[in-house]
Each structure stands twice: as structure tokens, then as C-alpha cells.
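Taking it in order: structure first as C-alpha cells, then the write-up.
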Amino acid sequence: MKIAILNECFLGDEHIKRLKVLGTVKQFSDTTKDTVIDRLQDVNIAVVDGFLAPLNAEVLSSTNALKLLVLPHNSYAMVDVGAAREKGIIVVNAPGFSIQAVAELAIGLAFAVNRKISLGDRMMRVHPFEADPGRVDHRHYFGFDFKGKTWGVIGLGRIGSEVAHLARGLGMNVIAYNRSPRVVEGVTMVSFDEVLQQADIISVCLALNPETENSISREQLALMKPTAILINVATAQHIDTDALCEALRNGE
């Protein structure tokens with residue numbers, strides 16, 4: 001059996017030793033879309049980072065040997081699962097990967113937007129120490145206290161549940177929408193529209209599939225508070241970016 005690890009993926013020496021019991025192992029650290037086809041030839045099992053080397057129909061159709069495709073992350077979005085199924089390739093992921101990191105990123109992004117951290121950083125570099133909260137024209141640097149505000153989670157899976165936990169730790173009220181009912185301590189389940197209407201901060205934590213693509217479009221953006229913060233830690237396809245840009249430009 002031929003096994004190929006096409007990108008660095010946190011496998012240690014002990015893991016590699018165990019894999020070598022199963023067959024020959026080739027290791028690469030720099031596979032991209034330009035080299036993935038060549039490196040998949042004659043490989044039976046491949047560990048591939050889909051973010052670095054997208055696995056589309058062209059790539060998957062180039063090999064007849066591949067039987068198992070392992071993704072060292074928790075998303076299938078970079079794989080043409082239908083093409084893999086037609087080729088008889090089993091695709092598996094790492095569902096517990098990066099839960100804490102992504103949840104903490106969602107909180108960090110919300111702080112950055114609310115407290116205008118990147119905006120203040122840019123001004124500091126251009127006009128050092130000139131930002132002044134006493135000036136009326138600098139009031140756009142102000143934010144709001146998270147405590148007592150409402151955080152809305154769309155998609156209460158592993159990551160969404162951890163985001164909810166962290167938001168509660170900040171003293172926030174947490175509401176959430178999930179396609180199937182979930183019980184998470186301290187979280188009030190509401191409808192999708194109610195999350196959009198009530199939340200001061202909304203985080204999109206959905207898995208990508210045909211049902212969730214473009215979950216946030218013009219209609220949904222119109223339901224949100226004009227002051228709401230939208231944090232997307234899922235994929236770009238969950239949000240209609242043209243509609244989002246239009247809403248931002250129009251000050252909605």
C-alpha cells in the first residue's frame with residue numbers, strides 16, 4: 001500500500017511509524033494545486049490539506065489508485081465530494097480539529113471590529129498618537145461593552161457551541177439557531193430570523209452544503225440591526241458578498 005502525506009498536518013514521528021507498518025510512506029510539505037496531481041499518482045491513501053491543494057474533479061479524476069482521502073481539518077468544502085464518490089474514493093475529515101482556535105478567533109474578531117483595533121492601528125502608523133477620544137470627529141473609534149449584549153450563533157455545532165460558551169463568559173446573552181434542536185447550557189434556541197433581528201453580534205458557524213450556501217443574503221442582512229457585527233468563521237460561500245458590500249456601502 002502506498003501512502004502519501006502531501007502537506008504538513010501535525011503528524012509526529014510516532015504517527016509516521018505506525019503508518020509505515022501499513023505500507024510505504026512518502027512525505028511532502030509544500031503540495032499546491034500545481035503539484036497535487038503528480039504527487040497523487042499511484043497513491044492509495046493520501047493526507048491532503050484541502051486549503052493548500054483544492055481537490056476538485058480534475059484532480060480526483062487523474063488517479064485510479066486513490067481509495068482513501070484524509071483531510072487534516074474539519075471542512076469538506078475544498079473537496080468535490082460528488083467526484084470522489086463517483087471514483088469510489090472515501091473522504092474523511094478531522095471533526096475535532098481547531099474547535100477552540102476558531103471559536104477564540106470569532107471572539108477576537110468581534111473585539112477587533114467593536115473596538116476598531118485595526119482602524120486605530122492604521123491611524124497610529126500614519127498619525128502617531130493623534131487619536132483622541134475627546135474629539136468629536138474621533139468618536140468612530142468608540143465601541144460598546146459586550147456585557148449585557150446579545151450574541152447570536154448560527155450553527156450550534158462543535159465550534160458554534162464553544163463560541164456560545166466563550167460569549168457567555170463575557171457576560172453576554174446568547175441565542176442560537178440550529179437546523180436540529182440542540183441543548184447547550186445558557187443558550188436560548190430561537191428561529192433563524194430571530195437571531196438576525198435580536199443579536200448585537202452574529203457569528204456564522206455553519207458547515208457548507210447546498211442548503212447553507214448563501215444563508216446570509218439581502219433579505220437576511222435587512223433583518224439585522226444597523227449596528228450589528230457579523231462574524232463569519234465558516235466559508236465565504238455562506239454569505240452573499242455582493243449583498244454584504246452593498247449593505248455596507250449604503251450604511252445599512
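Everything numeric in this text was worked out from a predicted model, so none of it was measured.
Between the CD atom in Glu14 and the CZ atom in Arg18 there is a gap of 7.0 Å [rounded to 0.5 Å]. Here the straight-line distance linking atom CD1 of Ile3 with atom CD of Gln27 works out to 10.5 Å at 0.5 Å rounding. Taken to the nearest 0.5 Å, the NZ atom of Lys33 stands 13.0 Å off from the CG atom of Leu55. A distance of 5.5 Å separates CD1 in Ile154 from CD1 in Ile202, rounded to the nearest 0.5 Å. In this structure, the separation between CG on Leu109 and CG on Asn232 is 10.0 Å, given to the nearest 0.5 Å. Here the CH2 atom belonging to Trp151 is positioned 5.0 Å from the CD1 atom belonging to Ile201, to the nearest 0.5 angstrom.
Between the Thr150 side chain and the Ala199 main chain, no donor and acceptor come within less than 3.5 Å of each other. Looking only at distances, a side-chain donor or acceptor of His238 sits under 3.5 Å from a matching main-chain atom of Ala207. Of the possible donor and acceptor atoms, none in the side chain of Asp200 sits under 3.5 Å from a partner among the backbone N and O of Ala228. Checked by atom type and distance alone, the side chain of Ser161 never pairs as donor or acceptor with a backbone atom of Arg158 at under 3.5 Å. At least one donor-acceptor pair closer than 3.5 Å links the side chain of Gln41 to the backbone N or O of Ser62. Not a single donor-acceptor pair under 3.5 Å links the side chain of Asn250 to the backbone N or O of Glu252. The closest donor-acceptor contact from the side chain of Ser191 to the backbone of Glu194 lies under 3.5 Å. Using modelled atom types, one side-chain atom of Thr212 and one backbone atom of Asn209 make a donor-acceptor pair closer than 3.5 Å.
Scanning all heavy atoms of the two residues, the minimum distance from Leu6 to Val36 falls at CD1-CG2, 4.0 Å. In terms of heavy atoms, Ile159 sits closest to Ile99 at CG1-CA, 4.0 Å. A pairwise comparison of heavy atoms in Arg125 and Asp121 identifies NE-OD2, 2.9 Å as the closest pair. Between Asn114 and Phe144 the shortest heavy-atom distance is ND2-O, 2.7 Å. In terms of heavy atoms, Leu221 sits closest to Ala247 at CD1-CB, 4.3 Å. The two residues Val47 and Cys9 have their closest heavy-atom pair at CG1-SG, 3.7 Å.
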Step by step, work out the side-chain contact (heavy atoms from CB on, under 4.5 Å) result for Leu52 and Thr32. CA-CA 5 Å; Leu52 301 176; Thr32 66; 5.8 Å; no
As a quick check of understanding, evaluate side chain to side chain donor-acceptor pair (under 3.5 Å) for Ser217 and Gln220, giving each step before the final call. CA-CA 5 Å; Ser217 192; Gln220 290 72 39; 4.8 Å; no
Intermediate values then yes/no, side-chain contact (heavy atoms from CB on, under 4.5 Å), Met1 and Ile45: CA-CA 8 Å; Met1 183 177 295; Ile45 298 175; 3.3 Å; yes
Run the side-chain contact (heavy atoms from CB on, under 4.5 Å) test on Asn56 and Val79 for me, step by step, so that the C-alpha distance in whole Å, both residues' side-chain angles and the decisive distance to 0.1 Å come before the verdict. CA-CA 6 Å; Asn56 54 32; Val79 181; over 6 Å; no
Starting from the C-alpha separation in whole Å, work towards a yes-or-no answer on side-chain contact (heavy atoms from CB on, under 4.5 Å) for Lys225 and Gln197. CA-CA 6 Å; Lys225 298 178 181 180; Gln197 292 166 338; over 6 Å; no
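Within the 4.5 Å cutoff, the side chain of Arg218 has heavy atoms near those of the Glu246 side chain. Proximity of Leu230 to Val113: side-chain heavy atoms (C-beta onward) are nowhere separated by under 4.5 Å. Contact check for Asn214 versus Ile239: no side-chain heavy atoms found under the 4.5 Å cut-off. Looking at Leu11 and Leu19, their side chains come closer than 4.5 Å, going by heavy atoms from C-beta outward. Counting only heavy atoms from C-beta outward, the side chains of Val204 and Val233 never approach each other to under 4.5 Å. Under the 4.5 Å side-chain criterion, counting only non-hydrogen atoms from C-beta, Leu69 is in contact with Val48. Contact of the Ser180 side chain with the Asn178 side chain is registered, since non-hydrogen atoms from C-beta on lie closer than 4.5 Å. Asp38 is not listed as a side-chain neighbour of Thr35, based on a closest heavy-atom distance of 4.5 Å or more.
Val174 and Tyr177 fall into different hydrophobic clusters, where Ile, Leu, Val, Met, Phe, Trp and Tyr side chains are chained together by heavy-atom contacts under 4.5 Å. Each of Val187 and Leu206 belongs to its own hydrophobic cluster when Ile, Leu, Val, Met, Phe, Trp and Tyr are linked at side-chain heavy-atom distances under 4.5 angstrom. Taken together through direct or relayed side-chain contacts under 4.5 Å among Ile, Leu, Val, Met, Phe, Trp and Tyr, Leu208 and Val102 form parts of separate hydrophobic clusters. Hydrophobic clustering places Leu156 together with Ile231 (ILVMFWY residues linked when any side-chain heavy atoms are closer than 4.5 Å, directly or through intermediates). Residues Ile175 and Val153 are members of separate hydrophobic clusters, defined by side-chain heavy-atom contacts under 4.5 angstrom among Ile, Leu, Val, Met, Phe, Trp and Tyr.
Arg115 and Asp145 are joined by a salt bridge, as a carboxylate oxygen and a charged side-chain nitrogen come within less than 4.0 angstrom of each other. Asp13 has no carboxylate O lying under 4.0 Å from a charged side-chain N of Lys17, or vice versa, which leaves the two without a salt bridge. The pair Asp30-Arg39 counts as a salt bridge, with a side-chain nitrogen and a carboxylate oxygen less than 4.0 angstrom apart.
Enclosure of atom CD in Glu219 is not indicated, since only 12 or fewer non-hydrogen atoms of other residues, nucleotides or ligands lie within 6.0 angstrom. Atom CD1 of Ile90 has 12 or fewer heavy atoms from other residues, nucleotides or ligands within 6.0 Å. Counting heavy atoms of neighbouring residues, nucleotides and ligands inside a 6.0 Å radius, atom CD of Glu8 does not exceed 12 of them. Within a 6.0 Å sphere centred on NZ of Lys26, other residues, nucleotides and ligands contribute 12 heavy atoms or fewer.
Relative to the ring axis of Phe142, Lys116 does not place its NZ or CZ within 45° and under 6.0 Å from the centre.
Ring-plane geometry between His73 and Phe51 is classed as perpendicular, the angle between the planes exceeding 60 degrees on a 0 to 90 degree scale with a lower cut at 30.
Side-chain N/O atoms of Asn64 and Lys87 include a donor and acceptor closer than 3.5 Å.
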